[in-house]
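Working notes, beginning with the structure itself.
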Amino acid sequence: MHRVVVTGLGPVTPIGVGAEAFLNAQHRAKNGIRHITRFDATELGVTIAGEVDVDMGAFIERKEAKRLDRFVQLALVGAALALEDAGLKPEEVAGERTGTCIGSGIGGLGIWEEQSRVRFARDPMRMSPFFIPMLIANMASGHVAMRYGLTGPSSTVVTACATGSGAVGDAYRMVERGEADVMITGGTEACVTPMGIAGFAVMKALSTRNDSPETASRPFTASRDGFVAGEGAGILVLESYEHAKRRGARIYAEVVGYATSADAHHITASAPGGAGAVRCITWALKSAGIGPEAIGYINAHGTSTPINDLNETLAYKTIFGGRERVPPVSSTKSMTGHMLGAAGAVEAIASVQALYSGVLPPTRNYLDPDPELDLDYIPNEAREARVDYALSTNFAFGGQNAALIFKRVE
């Protein structure tokens, strides 16, 4: 079995694109939530989201971009940034010893909406022949592999809001087992579309704090009223420790634990008391060979929905043996919004950066504590703290949970 390390980071988020920009934004508790600019959302009742501002033309030629849904474009940007950050040139990763495992919760929702209008309002024969290849969720992994000539393991994880962390976890296991030396992994999502916002809005899952977008995502507070949708991608380069050392790579952190579990309870609500999360985190700790006392920081799922934040808090109390023993917790969704299938990967990046930089990201908009939620949520300001292990958790519709554990490397 091989040790697995993180050597490249490619965050593409509403608060920053690229590792340095994303890190600086976290430290400043930057807000990434604004009124939606790409379409008129007035009739949907929710007019706010986290949109990514990036020059796609710097990464993807215009002709190629026309054949790619936005979720694939975001993944290609993230992969380019992650490889550059890792100091890996395309010719160094091409071949069968490098693979891809990039997930998306939904895939090409934007192209589905566009082509549905063509199909039902006009002539179905006028639909794009690229509709299916642009729609399907595995195309982020596929296009990254094609761009760089990666012929090693290739997979796609689709577990809603646990997608990104699940993809990183699966890629970790592939490198650990020796199936690849390098894996480009993570999650991507582009669901800030009319149907995406409408779908979550009719579920009453979204914050309706339209008059104050900058304070709408407020995890773990008494006044939280739902999550704010976001888009983006989080791509990481994982390598075997031997491969990274051989080429003299910078090592951000080591991946030491991963687990998944199912609530088997409800399509959208987490199990009472966070029972599924407890199982998942317990198994992740076991896989890492450490006890809960070793964890120094938790990057929470922290959606800003009433039920998630309560059950997640209860789960941590169970795992760590009471409120006093739970390490500092923060939700970076307070800044980025909930990037759905990309969330887990972006939050894995935030966890790795917390270990490497010695600064824990804050929970922005922690303005009014909920008496039932009484942990240290790192309110509003980043905090310097040298910790050895970080836990990153995500919990999905369908009751699917994922937990990753990272270790600081000297």
Side-chain angles (χ1 to χ4, degrees), residues 8-19 21-22 25 32-34 36-39 49-62 64-85 100-114 130 133-148 156-158 160-161 163-165 167-168 184-193 196-197 228-237 332-333 335-350:
L9 305 175
V12 186
T13 81
I15 61 171
V17 175
F22 182 55
I33 310 304
R34 293 176 286 274
I36 294 169
T37 60
R38 278 195 226 104
F39 58 92
E51 295 179 324
V52 171
D53 183 13
V54 60
D55 177 14
M56 294 288 190
F59 298 89
I60 307 167
E61 292 182 2
R62 179 177 294 186
E64 182 184 13
K66 289 181 178 178
R67 299 177 177 180
L68 303 173
D69 186 86
R70 186 171 173 84
F71 87 102
V72 173
Q73 296 181 27
L74 292 168
L76 286 170
V77 173
L81 292 170
L83 285 170
E84 181 182 7
D85 190 52
T100 56
C101 184
I102 301 171
S104 180
I106 297 179
L109 187 58
I111 191 64
W112 181 83
E113 292 183 38
E114 176 192 306
F130 297 103
M134 293 175 72
L135 171 71
I136 50 183
N138 62 311
M139 275 300 172
S141 259
H143 276 285
V144 170
M146 284 185 273
R147 169 164 288 197
Y148 297 103
T156 296
V157 172
V158 183
C161 304
T163 291
S165 44
V168 174
I184 299 174
T185 183
T188 181
E189 203 76 88
C191 288
V192 181
T193 68
I197 297 298
V228 179
E231 64 172 3
I235 305 296
L236 301 86
V237 174
T332 41
K333 289 186 179 73
M335 296 176 267
T336 64
H338 190 350
M339 290 178 279
L340 309 173
V346 170
E347 290 156 18
I349 291 173

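Just so you know, these numbers use all the heavy atoms, side chains as well, and skip hydrogens, waters and symmetry mates.
One distance of note links CE of M139 with CD1 of I136; it measures 4.0 Å at 0.5 Å rounding. Annotation: the span from F39 atom CZ to T193 atom OG1 amounts to 6.0 Å, rounded to 0.5 Å. In this structure, E113 CD and C191 SG are separated by 9.0 Å, a value rounded to the nearest 0.5 Å. To the nearest 0.5 angstrom, L9 atom CG is 9.5 Å from F22 atom CZ. N138 CG to H143 NE2: the interatomic distance, rounded to the nearest 0.5 Å, is 9.0 Å.
In this structure, E231 and H338 have side chains that are not in contact, with every pair of non-hydrogen atoms separated by 4.5 Å or more. Put simply, the side chain of I36 reaches to within 4.5 Å of the side chain of I197, judged on heavy atoms. No side-chain heavy atom of L81 sits less than 4.5 Å from a side-chain heavy atom of I235. Within the 4.5 Å cutoff, side-chain heavy atoms of L68 are placed close to those of I60. The closest side-chain heavy-atom distance from P11 to V17 is not below 4.5 Å. Under the 4.5 Å side-chain criterion, counting only non-hydrogen atoms from C-beta, Q73 is not in contact with V77. For the pair L135 and D69, the minimum side-chain heavy-atom distance is 4.5 Å or more. L76 places none of its side-chain heavy atoms less than 4.5 Å from the side chain of M56.
For the pair R34 and E51, the salt-bridge criterion is not met [side-chain N within less than 4.0 Å of a carboxylate O]. Salt-bridge check for K66 with E61: failed, with every basic side-chain N at 4.0 Å or more from each acidic carboxylate O. Under a 4.0 Å N-O distance rule, the pair E64/R147 qualifies as a salt bridge.
For the pair G50 and V228, the tightest heavy-atom approach, listed with the atom from each and the gap, is N-CG1, 4.4 Å. In terms of heavy atoms, I15 sits closest to A25 at O-CB, 3.2 Å. Of all the heavy atoms in V168 and G186, the pair that sits closest is CG2-CA, 4.2 Å. Shown here for A137 and V158, the closest heavy-atom pair between the two residues is CB-CG2, 4.1 Å. For the pair G32 and P14, the tightest heavy-atom approach, listed with the atom from each and the gap, is O-CB, 3.6 Å. What you find for M134 and F71 is that their closest heavy atoms are O-CE2, 3.6 Å.
Residue pairs meeting the salt bridge (Lys or Arg N to Asp or Glu O under 4.0 Å) criterion with at least one member in residues 337-350, sequence neighbours excluded: K333-E347.
In this structure, T13 contributes its side chain and G232 its backbone to no donor-acceptor pair below 3.5 Å.
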Show which side-chain atoms of residues 102-112 pair as donor or acceptor with protein atoms under 3.5 Å away, not counting sequence neighbours.
residue	atom	partner	partner atom	Å
S104	OG	G107	N	3.0
S104	OG	T188	O	3.0
S104	OG	E189	OE2	2.9

